[in-house]
2 protein chains.
Amino acid sequence: MGSGGRPRTFDIEGALDAAVDTFWRHGYEAAGLAELTEAMGISRPALYRAFGDKDQLFRSALTRYIDQNMTYVSDALARPTAREVAHAFLTGNVAAVTTPGRPAGCLSVQAMVTDEAEAFSLLAENRRTIQERLRDRFAEAIAEGDLDAEQDPDRLARFLITLATGFAIRATDGETREELLAVADCAIATFSKPEPRDAEATRHGTVPLRKAAND
Amino acid sequence: MGSGGRPRTFDIEGALDAAVDTFWRHGYEAAGLAELTEAMGISRPALYRAFGDKDQLFRSALTRYIDQNMTYVSDALARPTAREVAHAFLTGNVAAVTTPGRPAGCLSVQAMVTDEAEAFSLLAENRRTIQERLRDRFAEAIAEGDLDAEQDPDRLARFLITLATGFAIRATDGETREELLAVADCAIATFSKPEPRDAEATRHGTVPLRKAAND
DNA sequence: TCAGTACCGTACCGATCGATCCGGTACCGA
DNA sequence: TCGGTACCGGATCGATCGGTACGGTACTGA
């Protein structure tokens with residue numbers, strides 16, 4: 001029983017990186033097999049042998065993209081205060097979507113064009129996962145007294161995710177890193193501390209309202 | 001020489017509306033001729049005779065979409081205070097991207113997948129135009145004393161556009177209108193008035209308050 | 001040496017893409 | 001009545017889509 005066979009003649013991770021770049025630039029539908037194989041430097045059958053089909057290749061590429069380009073999410077969540085979490089998340093996102101030498105925007109948003117394909121659910125699921133991690137982190141911050149108790153963790157998490165998603169689109173519109181960072185600063189103000197002595201000022205800076213329905 | 005010819009047998013505006021819906025649901029690339037012609041109820045050659053080619057059809061559809069579904073932008077800009085402008089813009093956008101019976105999201109964002117096509121520039125240009133109108137409006141608000149003079153009109157406009165763009169994506173992720181409205185309320189707090197002391201009625205933003213002092 | 005295995009890539013598959021050819025038809029003014 | 005014109009749509013175009021069949025090759029263990 002032979003365990004061998006002809007060895008692969010290309011670097012599979014290098015090829016995957018090229019696939020990430022291609023999907024990132026053009027999205028799922030617009031990235032054709034011809035473009036993919038040319039960027040990856042391999043033949044069409046080699047792609048199918050190594051990665052399955054186009055959909056599986058995209059899933060592999062998305063996983064690698066998340067591992068390599070969204071580490072700022074975990075980094076942000078590890079910050080000690082809610083305000084720092086929000087700040088690190090937004091600035092990290094801006095940096096990621098405006099990295100020189102890489103395609104503008106975010107693969108998770110850029111590829112969303114997939115017309116009700118299976119891959120679509122992966123992207124929304126990724127955003128939902130990050131949103132849940134942010135929400136849990138802000139709930140913790142409230143429990144610790146780090147964040148105003150009147151704030152809704154779910155709403156704050158949604159706020160950050162929505163803004164970050166907007167950053168990805170705006171970056172592909174040509175917005176610069178500095179411009180997006182300035183926008184991020186607008187949002188940080190939402191994450192004020194309880195300010196026990198001057199409660200009224202805190203109340204002014206935030207907007208207490210009906211809590212969002214969560215499902 | 002005859003000026004006539006066989007009359008068109010379909011409603012060209014109705015067909016265009018169907019095209020808007022199809023592009024809205026699937027984006028530019030994913031909306032195929034077969035799907036378009038079926039939705040529009042006309043044959044393929046009829047489409048080309050009436051609208052030119054696919055690209056020109058999309059431009060016509062985008063124009064009609066803007067005319068019919070983005071009136072909230074002009075409405076928002078006409079509000080008396082900067083805070084009301086911001087509030088009306090964001091809530092109007094949320095309503096537009098979560099209208100029951102219509103596709104979730106925004107055609108201008110959904111169709112952005114067009115792989116460096118000419119149509120792409122139209123979409124970014126549309127966002128830039130709106131951003132400029134908001135910026136001018138906020139500059140005016142500062143001049144009138146309606147908005148804190150330390151605010152940057154350009155940054156505020158960018159902030160709203162970015163958030164609205166994010167709303168469009170998040171709506172297609174399945175976020176509900178209420179959830180997005182709650183997020184919008186987060187952002188309204190940024191538009192504070194020059195004199196923070198008398199600001200008490202910042203509830204859920206439904207009741208915009210005019211500045212008690214002069215202007 | 002030789003069967004087994006997994007890689008290689010040329011050439012090709014059916015389906016679908018956007019776009020058009022062309023014979024037929026309905027309306028105009030002369 | 002008739003030439004001119006513009007719309008009608010079935011049939012079809014070449015190009016490209018995602019995906020594969022297949023003959024050839026390089027490595028394994030027996």
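- Rounded to whole angstrom, the span from the CD atom of B:Glu29 across to the P atom of D:dC17 amounts to 11 Å.
- The CG atom of A:Asp11 sits 12 Å away from the P atom of C:dC8 (whole-angstrom rounding).
- Distance from the side chain of B:Arg6 is smallest for D:dA6 among the nucleotides C:dA19, D:dA6, D:dG9.
- Under the 3.5 Å distance criterion, with hydrogens and angles disregarded, a donor-acceptor pair is assigned to the side chains of A:Asn93 and A:Tyr72.
- Residues satisfying the salt bridge (charged side-chain N to carboxylate O under 4.0 Å, His left out) criterion with B:Arg102, sequence neighbours excluded, are absent altogether.
- Checking each of B:Glu140, B:Arg158, B:Arg135 against B:Pro153 for a side chain to side chain contact (heavy atoms under 4.5 Å, CB included) leaves exactly one that passes, namely B:Arg135.
- Nucleotide C:dA30: paired with D:dT1 (Watson-Crick or G-U wobble, both distances less than 3.5 Å).
- Note: CG (B:Asp55) to P (C:dG18) measures 12 Å, nearest angstrom.
- Every residue two or more places apart in sequence or in another chain was checked for a salt bridge (charged side-chain N to carboxylate O under 4.0 Å, His left out) with A:Glu178, and none qualifies.
- Between B:Thr9 and D:dC8 there is a side-chain polar atom (N or O) within less than 4.0 angstrom of OP1 or OP2.
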All N/O contacts under 3.5 Å from nucleotides 20-22 of chain D to the protein, with atom names and distances to one decimal?
none

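- With D:dG19, C:dG18, D:dG9 as the choices, the nucleotide that has an atom nearest any side-chain atom of B:Leu33 turns out to be C:dG18.
- If you measure from atom CE of A:Met40 to atom P of C:dG9, you get 13 Å, rounded to the nearest angstrom.
- Here D:dG9 presents its P atom at 9 Å from CD1 of B:Ile42, a figure rounded to the nearest Å.
- Cation-pi check for B:Lys54 over B:Tyr28 is met; the charged atom lies under 6.0 angstrom from the ring centroid and within 45 degrees of its normal.
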